Amino acid sequence: MRFFALLALWMVALSCSSNGQPAGSDDAQEASPDRPAAARAAYPFPVYTDFEQLKPWLERSNDTTYVVNFWATWCKPCVVELPYFEQLQKEATAQGRKVRVVLVSLDFGKELESKLLPFVRERRLRGQVIALLDDDYNKWIDQVSPEWSGAIPATLIYRGEDRSFFPEAFDSYPDLEAALADFAR
Amino acid sequence: MKKNLLAALAVLAGLGISLACTNPPVIEEVLKIGDKAPDFTLVNAVDGKPYQLSKDFPEATRGYIVTFTCNTCPFAIKYEDRIIALHEKMAPKGYPVVAIQPNDPAIKPGDDMEAMKAQAEKKDYPFVYLFDEGQKVYPQYGASRTPEIFLLDKDLVLRYHGTIDDSATDPAAVTVNYVEQAVEALESGRKPDPATTKAIGCTIKTNK
């Protein structure tokens, strides 16, 4: 009896041996979106040229559930499922649930101004948009999830050490909610 | 009884978490490096004729650069000129590009046979542009996105699988051409390293 419980604990410990870093300074930024205009970049969202800059967003060790979606404005199935993430952020915020939607755009650098920026403005996206321009994909895809081939859309949902990876689009809002339910306690 | 149930639940929870965590790698590849890739016959959108991989590529004296790509994916478009250049460099060495369009045109009309033919003629593709009719071939290779490369030797054994180079959006910033590097390795009797790479790409469009 006790053996089984210990075995389970051991497996948990083993499977999650590499842990993320504690939430860093980015959380401070997160908390105050209205920074002084002088501190703002040319875009109303961060533009990362190196995956290392995104990494803290994938390893926060607080009690918020992070829903990190990889997408692009030109990716049709991505744009189709985007409203589900928006709805999730809206409802979770209204219900006081600790859920943070992070929309990592893989739009091309040359198209940030012509495509991503107008898209973000027109839709008034609630999720935290981040533009990731690190072209050396092979270097970082496995760090998001070894289960990921690199096809988009793809979504990582995590809370602390608890992680699930979804290598395809969610078909509906209830589908997304169901995926999130595993993290609700 | 209840205790047993709790223990079972604990074990299941442990399993669930271990599956959900990022390590160890759990990706299940349909075709592994060293596996023999399935032969196939597909129609070339340009001349409307069927081509069998193992029989109809006499220039493939050393191997094949099987390339899943399409008209519509922005990454495939970014790589189009580089795929042409790859063929022009590698076909004389015995490794022609064999391009396959795997998307379902019912979902992506811009990838139907007519559009494929038009694109191939516009860019004067020096290689065949095969249509994966009924989407039978790409699942056998375990392809998931466009563009995606499977480098086979002349016995159809998979030697390299992944992306073309390390700079999708800026050809001028390429530092490693993985496919050329893999061919060079094979030609000098070494194993390609890396033998697999990943890249961002468009999900292959299917209704299945």
Side-chain angles (χ1 to χ4, degrees), chain A residues 1-20 58-59 70 72 74-78 106-111 132-133 135-154 156-158 161-165 167-169 182-183, chain B residues 3-29 72-75 77-78 107-108 142-148 161-171 173-176 178 194 196-206:
Chain A
M1 168 56 54
R2 186 170 288 177
F3 169 75
F4 281 113
L6 283 174
L7 181 70
L9 275 174
W10 173 76
M11 286 194 309
V12 171
L14 191 73
S15 61
C16 300
S17 54
S18 91
N19 54 351
L58 311 179
E59 336 185 295
F70 292 84
W74 47 255
C75 163
K76 208 172 159 192
C78 304
L106 295 164
D107 279 88
F108 304 129
K110 284 178 186 164
E111 294 174 354
L132 177 61
L133 301 180
D135 243 19
D136 192 356
Y137 302 125
N138 186 54
K139 183 187 73 186
W140 58 263
I141 286 174
D142 273 342
Q143 295 187 56
V144 175
S145 171
E147 294 170 63
W148 189 16
S149 74
I152 56 172
L156 171 73
I157 302 181
Y158 78 96
E161 296 290 312
D162 226 344
R163 301 170 88 89
S164 285
F165 183 75
E168 49 198 17
D182 294 340
F183 292 86
Chain B
K3 274 189 174 177
N4 276 330
L5 194 68
L6 279 174
L9 278 174
V11 170
L12 280 176
L15 272 174
I17 290 167
S18 69
L19 285 173
C21 288
T22 49
N23 49 324
V26 289
I27 193 161
E28 194 69 36
E29 282 172 324
T72 53
C73 170
F75 279 102
I77 294 165
K78 291 260 181 213
I107 299 171
K108 276 277 171 192
S144 69
R145 59 177 193 271
T146 53
E148 189 171 347
H161 168 210
T163 185
I164 295 171
D165 58 43
D166 63 350
S167 177
T169 63
D170 183 7
V174 170
T175 62
V176 190
Y178 296 112
T196 60
T197 57
K198 291 180 173 182
I200 298 297
C202 307
T203 308
I204 292 173
K205 304 296 183 293
T206 179

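By convention in this document, chain letters (A, B, ...) are assigned in the order of the sequence lines, proteins followed by strands, and residues within each chain are numbered from 1. Since we're looking at a predicted model, the values are computed, not measured.
Atom NZ of K76(A) has 12 or fewer heavy atoms from other residues, nucleotides or ligands within 6.0 Å.
Atoms CG and OG1, from D142(A) and T196(B) in turn, are 8.0 Å apart once rounded to the nearest 0.5 Å. The CG atom of D107(A) sits 11.5 Å away from atom OG1 of T169(B), with the distance rounded to the nearest 0.5 Å.
Minimum interatomic distance between K198(B) and W148(A) (heavy atoms only, all atoms of both residues): NZ-O, 2.7 Å. Among all heavy-atom pairs drawn from C202(B) and A151(A), the shortest one is C-CB, 4.5 Å.
Proximity to chain B (any heavy atom under 4.5 Å) is restricted, for P77(A), to the side chain, taken from C-beta onward.
Side-chain atoms of E168(A) and T203(B), non-hydrogen and from C-beta on, never get closer than 4.5 Å to each other. Residues N138(A) and D166(B) are not in side-chain contact: their nearest non-hydrogen atoms beyond the backbone lie 4.5 Å or more apart.
With chain A as partner, the option from A173(B), A168(B), P74(B), G162(B) having the largest number of non-hydrogen pairs under 4.5 angstrom is P74(B).
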> Where do W74(A) and T72(B) land on the side-chain contact (heavy atoms from CB on, under 4.5 Å) test, with the steps shown first?
Replying inline: CA-CA 10 Å; W74(A) 47 255; T72(B) 53; over 6 Å; no
